[in-house]
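The shown structure was predicted, so the numbers you read here are calculated from the model rather than taken from an experiment.
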Amino acid sequence: MADAELLISDDDAPPEVRVAIAHAPAELRGAVRTMLALDRQFASILATTSEPMLGQVRLAWWRDRLTEPLETMPKGNPLLEAISATWGPSRVSLAPLADGWEALLVADDLDDATIFRFAEGREAAWSGLAGLARQGARTNAIRQAARVWALGDLASNISDPDEKALVLSHAETLAQAALVLPRKLRPLAILGSLARRSLALGGAPLLGDRGAALTAFRVGIFGR
């Protein structure tokens, strides 16, 4: 484990994310942790930026760092260094996360295209992790689980009833069936299952009650 990774804390992560990280296999835990930390970094940019253009500049900085050669990467950013240590050249597959969060950042109103781009960004990141783990045989299931998590998480954090209803309508077909994922992708199986349950409950918190905790426990052990 890289020294920089030791500085990446899960303390500020939502409870479902902490549970997911805890169930990652040892050889992938660093990659899962840094990917989800990057996702929270982008969420923080969205939450703390009053001018969309300034937020776009911050997201563009990350996008550029993730796609430039490792040898030219600037030093001094613990998260960036941890991502480089755990993902290597594959970190380029994390760049679409910035695109997804940028779609939310610049949208005046949540619409179909914005929802699609946000889900697409998270899907690309998990697909990148599947490639890192050499678990691409169930590509469609991985993509679908990632989108279910993206939409469930988004719906659970929206207060506007019309916007929440729009997200739920996007997830209606995706979230109907449980998905079987490779064991190495147990973190995604947990997040996808919790999101699927949340969507069925109209956008409830992903890990907000006893039923959700039991779901996480079951999926963590059995994978479904």
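- The salt bridge (charged side-chain N to carboxylate O under 4.0 Å, His left out) analysis of residues 154-179, with sequence neighbours excluded, yields no pairs.
- Proximity of a side-chain donor or acceptor of Arg91 to a complementary backbone N or O of Ser84 within less than 3.5 Å is not detected.
- Minimum heavy-atom separation, Ala130 to Ile142: CB-CD1, 3.6 Å.
- In this structure, Arg218 places its CZ atom where more than 12 heavy-atom neighbours from other residues, nucleotides or ligands lie under 6.0 Å away.
- Nearest heavy atom pair, residue Ala150 against residue Phe118, reads O-CE2, 3.6 Å.
- Among Leu94, Leu79, Leu97, the one residue that satisfies the side chain to side chain contact (heavy atoms under 4.5 Å, CB included) test with Trp62 is Leu79.
- Across every non-hydrogen atom of Leu181 and Ala145, the tightest pair is CD1-CB, 3.9 Å.
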Carefully, step by step, assess Ile190 and Glu16 under the rule side chain to side chain contact (heavy atoms under 4.5 Å, CB included). CA-CA 8 Å; Ile190 291 171; Glu16 66 274 6; 5.9 Å; no
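- The minimum heavy-atom distance linking Val167 with Ala155 is given by the pair CG1-CB, 3.8 Å.
- Contact record, Ala82 with Thr86: O-OG1, 2.8 Å, taken as the closest heavy-atom pair.
- Within 6.0 Å of CD on Glu27 lie more than 12 heavy atoms contributed by other residues, nucleotides or ligands.
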Show your reasoning for whether side chain to side chain contact (heavy atoms under 4.5 Å, CB included) applies to Asp39 and Val17. CA-CA 11 Å; Asp39 188 69; Val17 168; over 6 Å; no
Extract all donor-acceptor atom pairs below 3.5 Å that involve side chains of residues 52-61 and protein atoms in other chains or at least two apart in sequence.
| residue | atom | partner | partner atom | Å |
| --- | --- | --- | --- | --- |
| Gln56 | NE2 | Glu102 | OE2 | 2.8 |
| Arg58 | NH1 | Thr49 | OG1 | 3.4 |

Donor-acceptor contacts under 3.5 Å from residues 191-209 side chains, at least two apart:
| residue | atom | partner | partner atom | Å |
| --- | --- | --- | --- | --- |
| Ser193 | OG | Ala189 | O | 2.9 |
| Arg196 | NE | Ala175 | O | 3.0 |
| Arg196 | NH2 | Gln176 | O | 3.1 |
| Arg197 | NH1 | Asp209 | OD1 | 3.2 |
| Arg197 | NH2 | Asp209 | OD1 | 3.3 |
| Arg197 | NH2 | Asp209 | OD2 | 3.4 |
| Ser198 | OG | Ala204 | N | 3.3 |
| Ser198 | OG | Ala204 | O | 2.4 |
| Asp209 | OD1 | Gly211 | N | 3.3 |
| Asp209 | OD1 | Ala212 | N | 2.8 |

Go through the steps for Arg65 and Asn77 under the test side chain to side chain contact (heavy atoms under 4.5 Å, CB included), then give the verdict. CA-CA 11 Å; Arg65 301 293 78 76; Asn77 185 297; over 6 Å; no
What's the verdict on side chain to side chain contact (heavy atoms under 4.5 Å, CB included) for Leu38 and Leu66, showing C-alpha distance, side-chain angles and the deciding distance? CA-CA 11 Å; Leu38 181 66; Leu66 292 167; 4.0 Å; yes
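- When all heavy atoms are compared, the tightest approach of Trp101 to Ala43 is CH2-CB, 3.5 Å.
- Remark: the backbone N or O of Gly220 is paired with a side-chain donor or acceptor of Arg186 at under 3.5 angstrom.
- Arg29 contributes a side-chain N or O that, together with a main-chain N or O of Ala24, makes up a donor-acceptor pair within less than 3.5 Å.
- A donor-acceptor pair is defined here as one N or O able to donate and one able to accept, closer than 3.5 Å; such a pair exists between the side chain of Trp87 and the backbone of Ala31.
- Checking side-chain atoms of Glu81 against main-chain N and O of Gly76 turns up a donor-acceptor pair under 3.5 Å.
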